[in-house]
Amino acid sequence: MLFRPYKAIYIGKRPLPFTPGLIPRNQDRLAVRVSDTIMGSLLTPEELQKLAKRLLDTERVQGAILWLLQLALKQIKGDRQAKTAEILAAILHDLFGESLAKLLKVLARRQDFLEKQINQIFDRLVLEFSLSEQQARQFSDWLLETVLPADVIRLALIDFLTDRNIQVIDEGFREKTSGTYWVVANLFGLRNALARLRTFCLDEKDLANTRIKELLLSLEMRNRLKNWLQSISLQNLPISTVRQLRKTT
């Protein structure tokens with residue numbers, strides 16, 4: 001019962017008692033507890049810092065470099081051509097594959113690393129960047145066809161129109177309207193209309209998607225999105241925001 005069976009055994013829709021075993025049934029919780037214990041007791045940040053300080057001790061690093069150089073000299077003496085080519089290949093592989101990347105990470109932590117070059121790129125390219133009409137049209141097409149198709153909008157409406165949200169909208173409409181709108185709000189309200197809209201989106205999936213597509217077409221959302229995308233410019237942002245964006249870049 002501790003370890004077996006690995007999976008639940010069902011009779012109809014009901015699982016047999018003690019299936020799966022205790023440990024397979026609770027393996028996710030046990031994994032979390034074990035990882036918490038290790039990270040909380042053994043691999044704490046303090047212990048990792050102590051280990052890093054011991055490994056990166058100056059004498060240890062110097063000794064490792066000296067050992068590598070002596071090993072390389074021995075290999076070169078044994079076979080000056082093939083071994084030399086292998087050593088140079090390994091050095092170049094380490095330099096461009098790991099060491100250079102690590103060096104760039106260290107340099108990138110400096111505040112003045114490539115500061116002038118990045119400022120020039122930011123001022124001449126990023127700050128003045130804007131979408132052309134064709135780019136904005138393609139981007140708006142992608143938004144409407146891939147990111148926000150009719151089915152996604154329909155599901156978003158269903159998720160939004162919960163009983164609680166419908167009640168809040170209806171009560172707010174009744175309380176905050178005046179004049180003719182107050183009469184309409186209190187005589188008819190929005191509860192029934194919104195509930196019927198949610199039911200329509202749930203029961204008539206294909207028809208609801210078609211109506212949403214027609215509505216997007218009638219509202220000219222494609223052109224509106226295109227015009228909005230073309231108007232986006234970093235130069236229109238507040239100066240403080242631009243400065244922060246430059247610093248982040």
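Numbers here simply count residues along the sequence, with the first being 1.
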Quick one, Phe139 with Leu144, criterion side chain to side chain contact (heavy atoms under 4.5 Å, CB included). Give me CA distance, side-chain angles, the key distance, then yes/no. CA-CA 9 Å; Phe139 196 12; Leu144 292 176; over 6 Å; no
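- Put simply, Val152 and Val147 are part of the same group of oily side chains (I, L, V, M, F, W, Y) that touch within less than 4.5 Å, one to the next.
- A distance of 10.0 Å separates NZ of Lys226 from CG of Asp141, quoted to the nearest 0.5 Å.
- Gln167 contributes atom CD, which lies 5.5 Å from atom CZ of Arg191 (distance to the nearest 0.5 angstrom).
- For Arg196 and Asp203, the salt-bridge test fails: no basic side-chain N is under 4.0 Å from an acidic carboxylate O.
- The same ILVMFWY cluster, assembled from side-chain heavy atoms under 4.5 Å apart, contains both Trp228 and Leu148.
- In plain terms, the two heavy atoms of Ala150 and Ile212 that are nearest each other are O-CD1, 3.7 Å.
- Smallest separation of non-hydrogen atoms from Val32 and Ser35: O-OG, 2.8 Å.
- The CD1 atom of Ile232 sits 10.5 Å away from atom CD of Gln230, with the distance rounded to the nearest 0.5 Å.
- Leu215 is not connected to Leu217 by any chain of hydrophobic side-chain contacts under 4.5 Å among Ile, Leu, Val, Met, Phe, Trp and Tyr, and they are in different clusters.
- Between Thr44 and Glu47 there is a side-chain heavy-atom pair separated by less than 4.5 Å.
- Looking at Leu155 and Asp151, their side chains come closer than 4.5 Å, going by heavy atoms from C-beta outward.
- Residues Leu161 and Leu197 meet the side-chain proximity criterion, which asks for heavy atoms closer than 4.5 Å.
- The two residues Asp159 and Thr162 make their nearest non-hydrogen contact at O-CG2, 3.3 Å.
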Practice task
Evaluate the criterion side chain to side chain contact (heavy atoms under 4.5 Å, CB included) for residue pair Arg137 and Leu229; output intermediate values, then yes/no.
Solution key: CA-CA 9 Å; Arg137 183 171 62 254; Leu229 290 169; over 6 Å; no
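- No hydrogens or angles considered: nothing links the side chains of Arg224 and Asn227 as a donor-acceptor pair under 3.5 Å.
- Within the 4.5 Å cutoff, the side chain of Ile153 has no heavy atoms near those of the Pro149 side chain.
- Linking ILVMFWY residues whenever their side-chain heavy atoms come closer than 4.5 Å, directly or via other members, places Leu30 and Phe3 in the same cluster.
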- [ ] Please report the C-alpha distance between Asp170 and Leu194 in whole Å, then the side-chain angles of each, then the deciding distance to 0.1 Å, and finally whether the side chain to side chain contact (heavy atoms under 4.5 Å, CB included) criterion is met.
- [x] CA-CA 9 Å; Asp170 183 65; Leu194 294 177; 6.0 Å; no
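- For Gln117, the CD atom sits in a packed shell: over 12 heavy atoms of surrounding residues, nucleotides or ligands are nearer than 6.0 Å.
- With contacts defined as side-chain heavy-atom distances shorter than 4.5 Å, the pair Tyr6/Pro20 does not qualify.
- Counting all heavy atoms, side chain and backbone alike, Leu225 lies closest to Ser140 at CB-CB, 3.7 Å.
- Once rounded to the nearest 0.5 Å, the distance linking OH of Tyr10 with CG of Leu16 reads 10.5 Å.
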| request: Could you give me the CA-CA distance, side-chain angles and deciding distance for Arg222 and Glu145, then say whether salt bridge (charged side-chain N to carboxylate O under 4.0 Å, His left out) is met? | output: CA-CA 10 Å; Arg222 200 175 300 270; Glu145 294 172 5; 3.8 Å; yes
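- The side-chain heavy atoms of Leu66 and Gln62, taken from C-beta on, include no pair separated by under 4.5 Å.
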| message | Using the rule given for side chain to side chain contact (heavy atoms under 4.5 Å, CB included), can you reason through Leu202 versus Ile158, listing the C-alpha separation, both sets of side-chain angles and the distance that settles it, and then say yes or no? | response | CA-CA 7 Å; Leu202 282 170; Ile158 295 172; 3.6 Å; yes
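- Under a 4.0 Å N-O distance rule, the pair Arg154/Glu204 does not qualify as a salt bridge.
- Between Arg198 atom CZ and Ile166 atom CD1 the span is 4.5 Å, to the nearest 0.5 Å.
- At distances below 3.5 Å, not a single donor-acceptor pair connects side-chain atoms of Thr146 with backbone N or O atoms of Leu143.
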